[in-house]
Amino acid sequence: ISQPGVMNYVGECSSGSYLCGLCEGDCDSDSSCEGDLVCVERSGYGAVQGCTGEGGSRDMYDKDVCAPAQVPSPTPPSPTPDYLNSLIFNSNGCSGNSPCTNCEGPCSTSNDCEADLVCFQRSASESVPGCVTGGSGDVSGTNYCHEELTNGMPTYIPGDLTKRENGLVLSTGLSARIIAQTGSRVSYTNGGRSASSFHGDPDAGAVFEDTSVTNTGGWIYVSNSEKSVGGVGAITFNSNGDVINYEMILENTSQNCGGGKTYWGTWVTCEENGSSGQVWEVDPALPSNSQRNFPTVLGGTGGNYESFAYDARDRLNPTFYVTNDSSSGSMVRFTPDPAVVQQAEQTGDYSNMLTTGGTLEWLMLHPVSGSAGDASGTFSWTSSRSNADSNANQFYQSSEGIDVRDGLLYFVTKRSKHLYILDLDALTYTKTSTVSGAFDGQPDQIKRILDQNPESEMLYFCEEASSDNGIHARDYEGNFYTIIDSDTLNSETTGLAFSPDNKHMYISYQSDGLIFDIVREDGYPFGSMRLDIKYHAD
C-alpha cells in the first residue's frame, strides 16, 4: 500500500501513461512526475530530500524517484584565512602530558609546551613572536606556545601576497632583486661586470657550494640555457650572497632544459633536442674549456631529455633516471657497471660513473585495469626502448620534472597534467592531477618528504601555466600557498634553488630572461626543501 512521502516503487512512469507521485518511481525525467515534482537520480538506496523509507520493503535499488525540487545545503561561511604558523586554539588545552606545539594554546606555563618552546603570556590580542595573529584560532587573552627568537620577530607570512617589487607580487616579508637578465652583462658587487652577456631562456638551475680556497663560504648557481645555441651558465656568490662572477661553463650544446644534481657534486644537464638530444655532466667549479667534451651514456640514441634524478640509498647499487618530454618518450633508467661504482666509492673519483658502460632500461607502466584513466598500477623496466616508447605514448606522455626521495620516484607529465609516484621497491605507482597544485589531497606525501629534514617547514615547487606563473608551496599538513606571483611576467617559472644557508631563493622567469634573488626581510632562512617538479595550472 502506497504511503505519501515514503519510497514506493510502482514501475516505469512516463508522461504518456502513469505519472509518479511523491516519492514514487521509477522516473526517467521531470515529465514523468506529477505537478511540480522533479525526478531525482539515485545511486543504490540513496536518501532523497522530502522522502523516507529508503531501503524499505517498497523501495527498489538504484531506482529514481519523484520528489520536491531539491534545496541545496547552505554554503558555510568562509573562515578567516590562516597561514603557516597561524595561532591554533586547542579546546582540550595544553598540559605536561599533552604539550602544545608551536603557535598552539592555551598554555599556562612553559611546562605545557613541547620541548624548547615557551608559553607567551597575553592579556588581549598581542602578537605572539613567530606566529601569525588574527586568524580563526586567535582567541583574545589566550596564551600560546612559541619558539623564542634569536633574531627578532619574523615578518614572513607565506601566501599573504601584499608586496610588489620588480614585477613580482610577493608574500609579506619577502624582498626580490634581479641579479641577471638575458642580453645584459651581469653586475658584480665590486662594480665590475661579466665579460659576456647573460644567456637566453634560463631554465633549470641548482646551487653548489664553492670549494675554491679564494671564495670560502661562497656558492655557485648554475642555470641551463634552453636556446638552440644553449649550454650552462654559472653565477658565483661570495659568503654574503653578493654576485662576484658569471661565465658559461658548458657550451656547444643545444636546448638545455632540465637537469639535476649528482650526489658527488656535479650538475647533469639535459638537451631537449629530439634525436640529437643528449645528457651532459658539468663540474660547476670548472670553466668551459676544462669540461669534458663528450656526453654521458644516459642519452643513448637521443631524445627530448628533460630532467635527471638518482636513487643512491645503496651507494654500491645506485640507479639514475632521466625523463623524456615527448609524446612517445619513455623514462630512462641507467645502472652503472658494479666495478665502476666500487672504484668510485673507493677512490672518491666519480668521473666515470655516468660515462662508461652499464645497463640502460626504460619505464613500462601497467595500470590496474589497463586503462590510461587508472589512478594506480604496477611498473617494470624493459631493455626494449621501442616497447617503452609505445607504453609512454599510451600512459605517460611528455614527462618532465623528476625527483627521488626515500625510495619514491616523483615525476610529472605536461600533457595530461599528472603527478606519478613510483615506489621503487614495491614496483607500484599512483597518479594524481597537478591542476589544483602538486600533492593536492596528499599530506602524507608532503610529511614523508619533509620528515627527511627536521628543519624544513615547506616544500616549494614551480608553476607552468598560461599566465601568472609563480612559486608555490605546501606545508606539513598539505596546505597550499602561493609564495610568489606576477601579473606582468607571463613566462614559466623554473630554476628554483636555495643557497646553502637557505637564506636566498633563486628563481627564473624563463622567456623574460630574468633571474631573481628572493630573501626574507627578517633575515631568517626559508627552512625549506625544493622538489624538482612543476605545478601545471590551467
Side-chain angles (χ1 to χ4, degrees), residues 166-168 176-188 192-208 220-237 243-260 267-274 276-282 284 286-289 291 293 295 303-308 325 400-401 414 462-471 484 486 488-497 505-518 532 534:
N166 288 320
L168 302 182
R177 65 177 178 135
I178 298 172
I179 58 174
Q181 183 170 5
T182 295
S184 299
R185 290 195 288 170
V186 177
S187 297
Y188 299 158
R193 293 196 299 170
S194 60
S196 60
S197 298
F198 189 70
H199 56 268
D201 282 354
D203 205 319
V207 168
F208 298 83
I220 301 169
Y221 174 74
V222 299
S223 170
N224 282 351
S225 174
E226 197 178 11
K227 285 287 192 182
S228 57
V229 179
V232 179
I235 303 174
T236 303
F237 301 84
V243 178
I244 61 173
N245 190 58
Y246 165 74
E247 62 181 318
M248 293 297 291
I249 58 173
L250 179 67
E251 298 178 291
N252 301 317
T253 56
S254 181
Q255 301 288 344
N256 295 78
C257 187
W267 173 245
V268 172
T269 177
C270 304
E271 290 182 293
E272 190 177 0
N273 198 26
S276 299
Q278 286 296 327
V279 180
W280 300 76
E281 184 181 10
V282 184
L286 297 179
S288 60
N289 59 8
Q291 304 287 349
N293 60 0
N304 276 340
Y305 294 121
E306 182 77 22
S307 294
F308 164 89
D325 187 4
E400 287 194 313
K414 177 174 64 178
C462 294
E463 176 182 6
E464 181 178 1
S466 57
S467 62
D468 294 348
N469 293 320
I471 300 297
I484 298 168
S486 178
T488 60
L489 305 175
N490 293 324
S491 58
E492 66 177 279
T493 51
T494 184
L496 174 64
M505 174 197 294
Y506 302 108
I507 63 169
S508 162
Y509 274 80
Q510 185 179 29
S511 297
D512 299 284
L514 297 172
I515 303 290
F516 288 91
D517 178 6
I518 314 294
D532 190 13
K534 285 182 180 176

E251: side-chain hydrogen bond (donor to acceptor under 3.5 Å, both in side chains) partners, not counting sequence neighbours:
S288
Can you tell me how far CD1 of I518 sits from CE of M505, rounded to the nearest 0.5 angstrom?
7.0 Å
Locate the shortest heavy-atom distance separating V207 from A497; write the atom from each residue and the value.
CG2-CB, 3.8 Å
Please report the interatomic distance OG(S511) to CD(E226), rounded to the nearest 0.5 Å.
9.0 Å
Closest heavy-atom pair, A176 versus L168, reported as atoms and distance to 0.1 Å, is CB-CD1, 3.9 Å
Do M248 and V232 have side-chain heavy atoms sitting under 4.5 Å apart?
no
Using 0.5 Å steps for rounding, measure from the CG atom of N224 to the CD atom of E272.
11.0 Å
Pairing residues for Q291 by the side-chain hydrogen bond (donor to acceptor under 3.5 Å, both in side chains) criterion, not counting sequence neighbours
none
Tell me, please, which residues at least two apart from R193 pass salt bridge (charged side-chain N to carboxylate O under 4.0 Å, His left out).
none
What heavy-atom pair brings Y246 and H199 nearest, and what distance separates the two atoms?
OH-ND1, 2.8 Å
Under the side chain to side chain contact (heavy atoms under 4.5 Å, CB included) test, which residues partner N245, sequence neighbours left out?
Y188, T236, E247
Quiz: residues 252-259 side-chain donor-acceptor pairs under 3.5 angstrom, not counting sequence neighbours:
from : atom 1 : to   : atom 2 : distance (Å)
T253 : OG1    : G231 : N      : 3.3
T253 : OG1    : N256 : OD1    : 2.8
T253 : OG1    : N256 : ND2    : 3.4
S254 : OG     : S228 : O      : 2.7
N256 : OD1    : G231 : N      : 2.8
N256 : ND2    : T269 : OG1    : 3.0

How would you list, by chain and number, every residue that makes a side-chain hydrogen bond (donor to acceptor under 3.5 Å, both in side chains) with Y221, sequence neighbours excluded?
none
Does a side-chain heavy-atom distance below 4.5 Å link L286 with I249?
no
Could you give the distance from CD1 (I507) to CG (L496), rounded to the nearest 0.5 Å?
7.5 Å
How close do D512 and S491 get, heavy atom to heavy atom, and via which atoms?
OD2-OG, 2.6 Å
Matching residue for Q510 among D201, T182, T493, D203 - test: side chain to side chain donor-acceptor pair (under 3.5 Å):
D203
State, yes or no, whether a side-chain contact exists between P202 and I515 at a heavy-atom distance under 4.5 Å.
yes
Heavy-atom pair with the smallest gap, counting every atom of Y509 and S486
OH-CB, 3.7 Å
By salt bridge (charged side-chain N to carboxylate O under 4.0 Å, His left out), D517 pairs with (sequence neighbours left out) R177
R185: partners by side-chain hydrogen bond (donor to acceptor under 3.5 Å, both in side chains), with sequence neighbours left out
none
Kindly say whether the aromatic ring centers of F516 and Y506 come within a distance under 6.0 Å.
no
Test item: side-chain donor near acceptor, E271 and W280, under 3.5 Å:
yes
Quick check against the 3.5 Å criterion: does T488 have a side-chain atom that pairs as donor or acceptor with the backbone of G167?
yes
Is there side-chain contact between I244 and F237, with at least one heavy-atom pair below 4.5 Å?
no
Heavy-atom side-chain proximity of I235 to I220 below 4.5 angstrom:
no
V282 and P284: which non-hydrogen atoms are nearest, and at how many Å?
O-CD, 3.5 Å
